[in-house]
Structure formats: C-alpha cells, structure tokens
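Inspection log for the structure reproduced underneath, given as structure tokens.
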Amino acid sequence: MAEYKIIVSGPIGAGKSTALAAVSDSAPVTTEACNTRRFEADKATTTVALDYGEVALGDGDVLRLYGTPGQDRFDFMREILARGALGLVILLDAQRPDPAADLRHFVVDFKLDEASLPFVIGVTKTDLIDDVDALIGSLYAQLGDMHRMAPCFSCDVRERTQVLALLDALLALIETADSP
Amino acid sequence: MSAEPTTPRHLRYAAMSGPDEILLRSMLALLDGQTREHWQLAKGDEQADLVIIGCADAEPVTVTAARRRARLCATVPVRFEHGDLELPQPLRPRSLATLLDNASLALTPPRDAPAFAQATRSGRDQDGNKPTLADLLYSLMQQPPADQDAIVVELDSRALMRIDVARGRVQLDSAADVIHAAARCDAHARAAGRDEHVHLNAQPLTPLLWSVGLAHQHALVAPARAIDSIIARRWPDFGRLPHRGDHLRMTAHLSRQPMSTDQLATVADVPAPVAIGFVNAMLLGGLASLSPANIQQPLAALVQPAPAPVARSALFARIRARLGL
C-alpha cells in the first residue's frame, strides 16, 4: 500500500477547506474552531490544526490531501505537513489587501525559493474584484522577483472542475520535472 | 485613462432634481483627470458638447432648449425621450465616467480608416500571403496601435469584432463558430469610426485570443519566418479558459525550457497541428515568447526517458483516471 500527499495552503479564508471538500472521496476531516480573528476573515469558524481528505487510487494506494491552517500562529504545522509531499497548492484570496505579499509569505514559509517542491497558485474570489488580469500579473511579477515560475490562475474552489484543473496543472508540473 | 492637456469638453444638464444636480457637480469634480478628456460645466448660453437630461419634471421647452445647445444628448433610462447615450440611475461616479468617455469617443471625428488599413493591418505580407484573422490579431497584440481607440476587424467587409487593445476588451458582432471559422480566413482591420467605439462593459479579449489561436493550426505569419523556439512566460488562466489535459502538459513543458513546435508535439505526445495551435494561442495571449535558436535543445535530449519516472507516470495516470481528469 502506497501513500502520496498533496498539501493545500494559503491565508485564512482563501478556501482551502472548500477546495479539499470538492475533490475528496468523502467528507474531509476538519479541525474547525471558533474564529477569534474575524478581522482577518469574516467567517464563523476556521481550521486550527489541519483538514484532511483522501482519494483512493485502488490496490490500497491512497492520495492524501492536507489543508494547512491559514492563521500564522499555526505556521509550524506547514513545514511538518509538507515533508514528503508530491506538491503544494497555494490558494490566495483575491480580496485580501495584498495577495502578492501573501504569495511571498507562503513561498518563503515553505522554503519554495530553495527547495524543489512543485507548487501551483490558485487565486480565489476573483469574481469579486474588477481586474483579475492585473492581479495575476502582479503575482507573476512577485514570482519573477523570487526567480520562480509556477502556474498561477483563477480558481473558484466551489467548482470541482476548477480545483481539479489546479491539481492537473500540479501533476503536469511534477511530470515534466521528472523528465530530464 | 488619462486626460490630455487639450481643450476641455463642456457639459450641460437639464431636468435634474436638486440632489442629483449636487451629486453630478460633485462627481464631475471627483472625476477630474480620471476621464479620457477633461470635462467641465458649460457657462451661460455657450454651446456644450453633451447635455444630460435628468428625470425630474421640467418644462418641455427648457429641455428642448438645453438639447439644442449641445452636440450630444444623454438621458436617464426612465425618461420617455431618447438621447444618443444613457446615464443609469442612481448616479454613480463610474457610470458618469463611462458616459463621458463614450461621449468623447462619439465626438471625436473618425480617422482616416483606409490609410490606416493600407499602412499597417491589411494587404499581403512580404511573401504575398494574406493575413488571416489569427495573423491579424497577433500583429495587433505585438504592436498595439498607439493612436487608435478601437480597431474594427472585418471579414469580407463584414464587421466581426471591435477591439480595444489598451483595455483588453472586445465586442463581438458574430457568433463564436463564425469567429472560429474565420481564424483561418483572410481578414483585415481598420480604425473604428465615431459610432464604433467599444463599450466599456464589452467582454475580455483574452478568451477570444485563446480560442482563435487554438483554432488556427498553422504557424502564425510572423513567427513562421523567425521562430526558433518558444518559451512560456506565464500559464494561461485555466480557471477562465477552456482547456484539455494536453494544454496543461504543453504549458508545463514550455515553462521549463524553450522548444520548437515539433519538439513540443513530440514530448507532449500530440499531433503537430495541435501543438502549433497551442503555441499560437500562447503567442496571441502574450503568454509565450520567442527564444534564440541557440537555447533550443536537441530533440533527443528532451524526449530521453528516465528510468525512475516510469512508476511515477503510472501513478499520475491513476490519479487522473480516479479524479476524472
């Protein structure tokens, strides 16, 4: 029996739990608690340890999906969860004040500027902003500043197909990284 | 949008309620420098460029007199009279800015369209080939017309679309299947006339460029002559653009290293026309660029299988199958 792991991370309120629920075989295990930081994200509960979902691959093999807590006070969980992962999905909330700064924070936090963990970026809540292209442009500029290139596109995490597109991009990235 | 240091446009209003009048005046001050041209209220009886007719009761003679003293008329939609333009209620700075910009476009005399078309975007290229719609769009994206507000693209003298390159907006006059069919047909562009400006609420240009590029499975005119290899600078926004699994694979390959369309077709295991269409879509959307020949690697180096990834590729195939990708 083999186990594979993909991490879903991002700031509080970006839609990590929703994304996991969209692709997991069964209802994901969550560690939701009362959100005491409503000024960061206006929602009643938030993840405090991790979210967990899985996709059975047959023959006992399983793809495990872990969602990290969004709040920085739980950031020690991120590195632990990322060990041995196939790749990472970073979800960014388009409505936050500075999504490019959020991106930099997570790239540094996961040591993506040094390590070779493949990652993709999904920008959520783009239906609530005026200029999606400008925002995505600013995220590519941020990646360029860090000498990184990664897929970055809008993602409505309520739509399973859009979450799957992110995962498919991540798989394509890992596959091409495997080839010489 | 930036206001140029030219003669200001003059605005008049009539049949405005008291609160709307105050709102209009304050919004006009707020929009200073935010519109295509500078707008100010007309003084006394001077001729105005635009009159806005509100929905408050007013003597018909007052409204008629106001209309006569302006070149263009805008009305609120609830009013029985129809103007050249509309100002939605309730008044908002954004809708007023849109109205003023549309009025500026309508008031600007049409440019010399035939000269523009002859000079830049029509006729045959150096090899005698007529540009197709895809070629034409590629040319527009590479060298956006600096002095044009909008471009009208025509096929057989029939307007297909109006494009505002600077704002990345397009207004389509034809159904999607007609436009896809036109990707391979001869097309030409001309400067838009005064009544052909692109509405600010027109649709984004990116999906059109993407679909036209994919449908055009011959190398675009310009790259066909100069291309050595292509490298992806960005990923397409697959959250908004229709795509297949091979598009993701091809983007991943092109984002790693420059390669020719033939090499791309080989490593991504797709027919050559599909790879060409994909590269066209990437080039049209400004997502990829051309690389010098010396960066291109030999095909053998790109397709050499590695022993370790075999099991991994089987894993990815299983994950994809399981997720229905």
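The sequence lines fix the lettering, A, B, ..., with proteins before strands; numbering per chain opens at 1.
In this structure, CD1 in B:Ile319 is found 5.5 Å from CG in A:Leu171, a value given to the nearest 0.5 Å. With rounding to the nearest 0.5 angstrom, the CD1 atom of B:Ile276 is 11.5 Å from the CG atom of B:Leu283. For the atom pair A:Glu54 CD and A:Arg64 CZ, the distance stands at 5.5 Å (nearest 0.5 Å).
With a 4.5 Å cut-off on non-hydrogen atoms, B:His247 does not touch chain A at all. With a threshold of 4.5 angstrom between heavy atoms, A:Leu63 approaches chain B through side-chain atoms but not through N, CA, C or O. With a threshold of 4.5 angstrom between heavy atoms, A:Leu143 does not approach chain B through any atom at all. Neither the backbone nor the side chain of B:Thr251 comes within contact range of chain A; no heavy atoms are under 4.5 Å apart. Heavy atoms of A:Ala150 lying under 4.5 Å from chain B belong exclusively to its backbone. Heavy atoms closer than 4.5 Å to chain B are found in the side chain of A:Asp25, but not in its backbone. Heavy atoms of B:Pro204 lying under 4.5 Å from chain A are absent altogether.
Ion pairing between a basic and an acidic side chain is recognised when a charged N comes within 4.0 Å of a carboxylate O; B:Arg94 and A:Asp130 show such pairing.
By the 4.5 Å heavy-atom criterion applied to side chains, B:Val165 and B:Met141 are counted as neighbours. Contact check for B:Thr35 versus B:Leu96: no side-chain heavy atoms found under the 4.5 Å cut-off. Looking at heavy atoms from C-beta onward, A:Phe153 lies out of side-chain contact with A:Gln162 at the 4.5 angstrom threshold. Here the side chains of A:Asp133 and B:Arg240 are in contact, with some heavy-atom distance below 4.5 Å. Contact of the B:Met161 side chain with the B:Leu208 side chain is registered, since non-hydrogen atoms from C-beta on lie closer than 4.5 Å.
Residues of residues 120-127 of chain A lying within less than 4.5 angstrom of chain B, judged on heavy atoms, are absent.
Among the candidates A:Val23, A:Leu167, A:Val132, the residue making the largest number of heavy-atom pairs closer than 4.5 Å to chain B is A:Val132. Among the candidates A:Ala169, A:Pro151, A:Ala172, the residue making the largest number of heavy-atom pairs closer than 4.5 Å to chain B is A:Pro151. Contact tally against chain B (heavy-atom pairs below 4.5 Å) for A:Cys152, A:Ala2, A:Gly137, A:Cys155: the top residue is A:Gly137.
Ring geometry, B:Phe278 versus B:Trp210: the interplanar angle exceeds 60°, so the pair is classed perpendicular (tilted spans 30 to 60°).
Side-chain atoms of B:Arg318 come within 3.5 Å of backbone atoms of A:Gly58 as a donor-acceptor pair (strictly under, hydrogens ignored).
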